[in-house]
There are 2 protein chains.
Amino acid sequence: MKQQYYMPTRVIMGKDCIKSNPEIFLEIGRKILIVTGAKSAKNNGSLDDILSVLSSNGQAWTIFDRVTPNPSIACVKEGAAFAQKEKVDSIIAIGGGSPMDAAKAINLLACQDISDENLFSGKYGTEILPMIFVPTTAGTGSEVTSYSVLTNDRAQTKTSLGSPILFPKYAFLDAKYMKDMPLDITINTAIDALSHSIEGMITKRANPITNSIAAESIRRISSCFEALKSGDLSLEQRFELLYGSTLAGMVIANTGTTAVHSMGYSLTYFHNVDHGRANGLILAAFMSYINKYDSRLITSILSIMGFKTIQEFKDTLDILLGERRALSREEVERYAAIAAKSRNASNSIVIPDMEDLVGILSEALLR
Amino acid sequence: MKQQYYMPTRVIMGKDCIKSNPEIFLEIGRKILIVTGAKSAKNNGSLDDILSVLSSNGQAWTIFDRVTPNPSIACVKEGAAFAQKEKVDSIIAIGGGSPMDAAKAINLLACQDISDENLFSGKYGTEILPMIFVPTTAGTGSEVTSYSVLTNDRAQTKTSLGSPILFPKYAFLDAKYMKDMPLDITINTAIDALSHSIEGMITKRANPITNSIAAESIRRISSCFEALKSGDLSLEQRFELLYGSTLAGMVIANTGTTAVHSMGYSLTYFHNVDHGRANGLILAAFMSYINKYDSRLITSILSIMGFKTIQEFKDTLDILLGERRALSREEVERYAAIAAKSRNASNSIVIPDMEDLVGILSEALLR
């Protein structure tokens, strides 16, 4: 297994970093497609900041704001057709994981003729438009990865497409857009980011550089556990969560994720459970499974968060995630079977078989 | 001050990573200039590994092995003329900071017509050959930076040139080439890397991402302090030092260094003190100076290494660096004056004036 680290996105960060760096926007193109969701970018001030920069730069833009949560293949095809029709030369994505992931796929499909069969193959040409990403949640890390996760109805799950050409050229990190984010979204996205770093450390592709970055990511996110429990977060803590999630993105850009994500996708696909929450519901049980094979690794991950046992970590997750809907035996078996076929599931240092996956999902969620 | 993180080099790591990844070498070109020093790459096995990969790939190469320690402008001009004459299309650098830094400048001067006046201006075109870097010391971090530090006789110091086009395309990290490295070089290069991460945290350009990486770098390097004192290092510890130094390179690629480096250059230029050792002789006194303005920052850096006071850190440095030649009052004043004019000196969170620099250098080295 090749030990590799690569993350070529230029990250600009800090309060008001968009308005302080208009020249960077000027660099990417003359007619820009803005990809975003229906509401949040309009409400949190991020879209206004960007439009004001583009206006003073004299740049033209057009907006595609029909990205839905867990975007479908149909959604990104619609966006790609729009991009072609509008003859844009660059893309700005604003939002959480859905608009950012959609923007990458829209870009790819607008620039290249890719059949449905090849969509998730990774075998693409080199044509792509330059992209600027502005995350407005602190979870996905999509701003520093080359992945786009789409809802794949054919496989009844979410499937990831990826290519080095899909790294955004720039990412702008400003937590001020998150200051009014509802607590449940704040928690779910923080747990998503935490899960990225923890899963990254458990993959076969983990290496000393990704582990270094993962450790600092876990440190930053877990320093906010008490604030997340109380629901009272300062702007500084919002920044900690944002930097933690970008660092986690730098990890999974190189390591990928694990069966936690594979199984989480079923909770999202079949039960509409938020993606980060879905990971959080499964994470501790997956760590218990890995602990049987490499307790030193799991202990070292726990110690970064100040925990001695998986149970202590689970107690914190339980407080943060609250009540959950249990699964039936049939559901557990069905989702384990879907996960067993996923790429992520074979990415961990120990590869869980069907029985293992049933065991993990049962421990986490069986009624 | 823009808070930014950018490091586009693809890092491949682990034992035997060169021989396990021949296809990457095939990617960079058909006729390769190998830039190295007179001896070490031949003795430590790194050159053999690379030549064996190039041979089986059917690639042509030519070797420029006349890079001296602290390479001069004349040296890189000679290398550039050689590269042009040989019509190479790519460069592999093997060695410590000197061959790696020289390779970047050779590349730039071979591809672009740059006058002596513009050499350190950073105002270059975009033409550059793809580069693969193989560090064989664990200190400089040059494999993941866009800097080339050259001996600048006109300014009687070492001066850095830099441009984003100078990031190597690939870096290969394999500590097996360091297993027979003499202890003094091991210590000096480790202290160089440590100084990079500590200085990086004290710059105005430090940001949460560089600080995250710096903290892990300091953690890895300081975990080897006892082994460095005893002189008995395992291959695992050699890898820790190597990863620590690459992480430190990722830091200074974004933050730059401080007056520690500016003053250290005089010790190297006028007294032939090894570069890393020169930094180590000045580092604690510089931290004492900064401590007067930001004791929280200095305390946090010390705590990463498990120290409570600067004196504890200095005691460790004293053991590692041993006896040193003191400076006269005249030397202190002269080197402070040279440092006061350097870019690095104005890069720290508090900018030392001439009197401050005299104070720092006196505390460190006055007879």
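Lettering follows sequence order; numbering is per chain, from 1. Note that this is a predicted model, so its numbers are computed, not measured.
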Would you say A:Ser217 and A:Ser197 are linked by a side-chain donor-acceptor pair, where the criterion is simply a distance under 3.5 Å? yes
Option that, when pairs with chain B are counted at under 4.5 Å, heavy atom only, ranks first among A:Ile213, A:Asn21, A:Thr9: A:Asn21
Using non-hydrogen atoms and a 4.5 Å limit, figure out which bit of A:Tyr243 sits close to chain B: side chain, backbone, both or neither. side chain
So, the part of A:Ser20 with a heavy atom under 4.5 Å from chain B: the answer is neither
For A:Glu199 and A:Thr258, indicate whether the former's side chain and the latter's backbone hold a donor-acceptor pair under 3.5 Å. yes
With distance as the sole test, does B:Ser212 use its side chain to make a donor-acceptor pair with the main-chain N or O of B:Pro208 at under 3.5 Å? yes
Could you check whether the rings of B:Phe167 and B:Tyr6 sit parallel, tilted or perpendicular, using 30° and 60° as the cut-offs? perpendicular
When the 4.5 angstrom heavy-atom criterion is applied to A:Ile24 and chain B, the contacting part is side chain
Selection from B:Asn254, B:Leu247, B:Ile209 maximising heavy-atom pairs under 4.5 Å formed with chain A: B:Ile209
Where on A:Ile12 is there a heavy atom nearer than 4.5 Å to chain B: the side chain, the backbone, both, or neither? both
Give the intermediate values and the outcome of side chain to side chain donor-acceptor pair (under 3.5 Å) for residues A:Ser142 and A:Lys104. CA-CA 9 Å; A:Ser142 182; A:Lys104 291 175 189 166; 3.0 Å; yes
Quick check on the interface: out of A:Arg10, A:Met7, A:Gln4, who has the most heavy-atom pairs with chain B under 4.5 Å? A:Arg10
Using a distance-only test with no angle check, is there a side-chain donor-acceptor pair under 3.5 angstrom linking A:Tyr170 and A:Glu27? yes
